[in-house]
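A short write-up of the structure that comes next.
Atoms within each ligand, like the ligands themselves, are counted from 1 in listed order.
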Amino acid sequence: MDQSEMHPSRWGDPARARALPEDARGMVELVFGTDDRPAVEPVPLAPPALDAAVLAELEKVVGAGHVRTDDETRRLRTRGKSTPDLLRARSGDLSDAPDAVVRPADHDEVAAVLALAVEHHLAVVPFGGGTSVTGGLVARREGFAGVFSLDLVRMKRLISVDHTSMTAVLEPGLRGPEAEELLAAEGVTIGHYPQSWEYASIGGFAATRSSGQSSAGYGRFDALVVGLTVATPRGRLDLGTAPANAAGPDLRQLFLGSEGAFGVITAVTVRVRRRPKVTAYEGWRWPSFADGAAALRTLAQSGLMPTVLRLSDEAETALNLADPGAIGGAAATGCLMITGYEGEPAAVEAKRAAVTAVLSGLGGTAAGTAPGEKWSSGRFDAPYLRDSMLDAGVLVETLETATFWSNVERLYADVKAALTGALGDPAIVLCHISHVYETGCSLYFTVAAKEADDPLAQWQVAKAAASDAMIAAGATITHHHAVGTDHKPWFAREIGPLGVSVLRAVKADLDPTGILNPGVLVP
Ligand SMILES: Cc1cc2nc3c(=O)[nH]c(=O)nc-3n(C[C@H](O)[C@H](O)[C@H](O)COP(=O)(O)OP(=O)(O)OC[C@H]3O[C@@H](n4cnc5c(N)ncnc54)[C@H](O)[C@@H]3O)c2cc1C
């Protein structure tokens with residue numbers, strides 16, 4: 001396996017996989033009791049359903065060696081990285097594997113591959129980084145002659161940088177670090193760092209409307225997109241011709257969040273910023289989650305947004321995700337907020353001073369840079385820990401939602417109660433505010449529970465209860481994980497029958513034979 005590929009049933013760089021540290025294992029044993037789950041050997045895949053003549057036609061378009069049907073490659077393009085995806089793979093079930101993996105080199109090859117898919121009625125699953133956590137890579141097979149993964153791994157060019165307008169055009173297959181490395185050579189950055197950044201791709205960020213850990217300062221990915229090029233079965237679209245316009249509804253919005261169901265994004269023009277000269281991350285302590293949330297709201301509504309802004313609830317703070325030892329108290333009570341600043345030294349100092357004055361005035365206790373630096377250095381570690389917990393028989397998963405400030409307290413209480421009620425004892429439910437706006441914020445929940453005999457069913461019950469609670473509270477089913485297949489029933493409730501009908505009409509127009517990611521996004 002290529003070292004840059006993730007294992008089918010684990011997260012991330014295989015070289016960083018590790019067992020639970022002894023002290024953590026002791027704690028897990030105390031709370032849940034451990035029940036080591038040995039890895040299951042992957043079962044052989046069903047032979048690919050595509051016949052040799054079709055494969056030869058695809059190969060004629062993308063070149064020799066770029067249509068793969070071997071088990072190893074197909075396994076690596078099976079599903080995404082939600083806990084249910086990992087649990088299925090851990091049990092040896094890779095039954096959603098595509099029949100083939102097709103790797104086009106540019107927009108024209110993508111368009112030609114789509115034409116062949118229409119002709120032979122093959123389902124196409126665009127694949128960026130493979131980090132979907134909502135079943136976005138599990139296309140419906142029924143009714144199609146076969147399914148192939150349209151792997152964008154060869155489309156990794158930085159096409160251009162406009163230093164005057166501060167925009168850059170990137171191909172979709174660039175992973176987060178690859179894109180930032182190319183942009184760093186130009187002295188600029190996108191500033192988009194989701195926790196999946198090591199593997200997720202530029203096209204995937206746009207197709208799922210991703211949001212990164214520095215969203216308070218840089219903005220959500222969809223807010224950074226200036227232009228898109230899209231290949232659809234009906235032809236090509238080049239969208240985004242000015243910094244702003246009044247030329248009717250913004251068609252870019254049809255493709256941001258379209259999860260491969262309306263077209264394949266083949267180039268993304270993003271707004272870029274000059275690389276920050278200084279960074280500073282620090283911690284603040286609040287007596288309660290409500291106090292900390294009120295402080296976030298005040299900052300956002302005063303136009304005083306640091307680059308990073310997040311707040312752990314009491315449980316998350318106490319569980320040391322936020323390191324209570326470092327926030328200065330003997331008692332691990334209260335809540336930890338992280339504020340981060342990036343930019344030019346003078347601007348950072350001015351913002352930091354202004355934010356400090358507001359937070360001190362609201363009753364926050366400055367906890368210094370130690371908790372901020374700890375957060376910054378460990379910000380990509382949690383998904384590796386999930387694997388170690390699953391190895392020990394502990395179910396770990398996350399989910400997220402968002403609402404307006406006036407509804408945050410209710411949403412928090414309702415989702416937490418739904419998860420706790422469904423998972424029973426012993427279960428741990430943690431939450432943090434991960435993204436902040438003038439009008440509201442997102443809530444990001446992490447749960448850990450002792451695995452039942454059927455952990456998939458156990459999680460489905462809890463996830464459904466939480467999702468019902470979100471919709472009942474008038475919140476969204478997803479702030480940044482997208483819809484995929486998993487969220488569809490709740491997404492349909494969120495947008496209502498007319499909203500569903502509009503999406504179906506768009507799909508029918510752009511993809512009349514329904515080959516693009518069938519079963520994903522559109523209810
Ligand atoms: C451990 C972990 C942490 C995460 N943290 C975050 C986070 O902090 N913030 C966040 O927003 N998300 C997060 N996610 C979710 C996920 O990383 C995002 O949804 C990400 O944007 C997906 O990008 P990708 O390149 O991996 O897309 P993929 O998983 O490859 O694809 C996602 C969907 O988009 C479609 N697609 C991909 N590329 C294209 C394209 N070029 N054109 C059209 N359709 C396409 C796919 O068919 C699929 O439906 C996390 C996931 C994991 C596993």
Under 3.5 Å between any N/O of [X] and any N/O of ligand 1: does that happen in this structure?
X      : answer
Ile265 : yes
Gly128 : yes
Gly129 : yes
Pro126 : yes
Pro383 : no
Pro194 : no
Ser132 : yes
Trp11  : no
Asn517 : yes
Gly136 : yes

Assess whether salt bridge (Lys or Arg N to Asp or Glu O under 4.0 Å) is satisfied between Lys507 and Asp511, documenting all intermediate values.
CA-CA 5 Å; Lys507 171 89 176 165; Asp511 180 22; 2.8 Å; yes
Taking the basic N atoms (NZ, or NE/NH1/NH2) and the acidic carboxylate oxygens, is any pair closer than 4.0 Å for [X] and [Y]?
X      : Y      : result
Arg252 : Asp250 : yes
Arg77  : Glu72  : no
Glu342 : Arg273 : no
Arg236 : Asp238 : yes

Protein contact of [atom] - nearest heavy atom, named by residue and atom, plus distance:
atom                    : answer
atom 33 (C) of ligand 1 : Thr208 CG2, 3.8 Å
atom 34 (O) of ligand 1 : Ala207 CB, 3.5 Å
atom 2 (C) of ligand 1  : Ser196 CB, 3.9 Å
atom 28 (P) of ligand 1 : Gly130 N, 3.6 Å
atom 35 (C) of ligand 1 : Glu259 C, 3.8 Å

For ligand 1, is any non-hydrogen atom under 4.0 Å from Ser201's backbone (N, CA, C, O), its side chain (CB onward), both, or neither?
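The answer is both.
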Heavy-atom proximity to [atom], best of [options]:
atom                    : options                     : answer
atom 40 (C) of ligand 1 : Val483, Thr398, Leu152      : Leu152
atom 53 (C) of ligand 1 : Asp85, Leu86, Val133        : Val133
atom 8 (O) of ligand 1  : His192, Gln195, Arg79, Met6 : Gln195

Tyr199 and its ring-ring contact (aromatic ring centres under 6.0 Å, His included) partner, picked from Trp11, Phe380, Phe127:
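Result: among Trp11, Phe380, Phe127, Trp11 is the only option passing the ring-ring contact (aromatic ring centres under 6.0 Å, His included) with Tyr199.
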Let's go through Arg74 and Asp71 carefully: what are the C-alpha distance in whole Å and the side-chain angles of both, what is the deciding distance for salt bridge (Lys or Arg N to Asp or Glu O under 4.0 Å) to 0.1 Å, and is it a yes or a no?
CA-CA 5 Å; Arg74 291 166 64 209; Asp71 274 14; 3.4 Å; yes
Asp391 and Arg18: salt bridge (Lys or Arg N to Asp or Glu O under 4.0 Å), yes or no, with the steps?
CA-CA 10 Å; Asp391 292 341; Arg18 59 194 160 98; over 6 Å; no
Does ligand 1 have any atom sitting under 4.0 Å from a heavy atom of Gly263?
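Contact present.
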Pro98: which of Val125, Val124, Thr78 passes side-chain contact (heavy atoms from CB on, under 4.5 Å):
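With Pro98 as partner, side-chain contact (heavy atoms from CB on, under 4.5 Å) holds for just one option, Thr78.
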Carefully, step by step, assess Arg75 and Glu5 under the rule salt bridge (Lys or Arg N to Asp or Glu O under 4.0 Å).
CA-CA 11 Å; Arg75 274 194 196 107; Glu5 292 278 4; over 6 Å; no
A quick test of your reading: do over 12 heavy atoms of other residues, nucleotides or ligands sit less than 6.0 Å from CZ of Arg271?
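Open: at most 12 neighbouring heavy atoms sit under 6.0 Å from CZ of Arg271.
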Are Val113 and Phe148 packed together at the side-chain level, in the sense that at least one heavy-atom pair is separated by less than 4.5 angstrom?
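In short, these two side chains touch, coming nearer than 4.5 Å.
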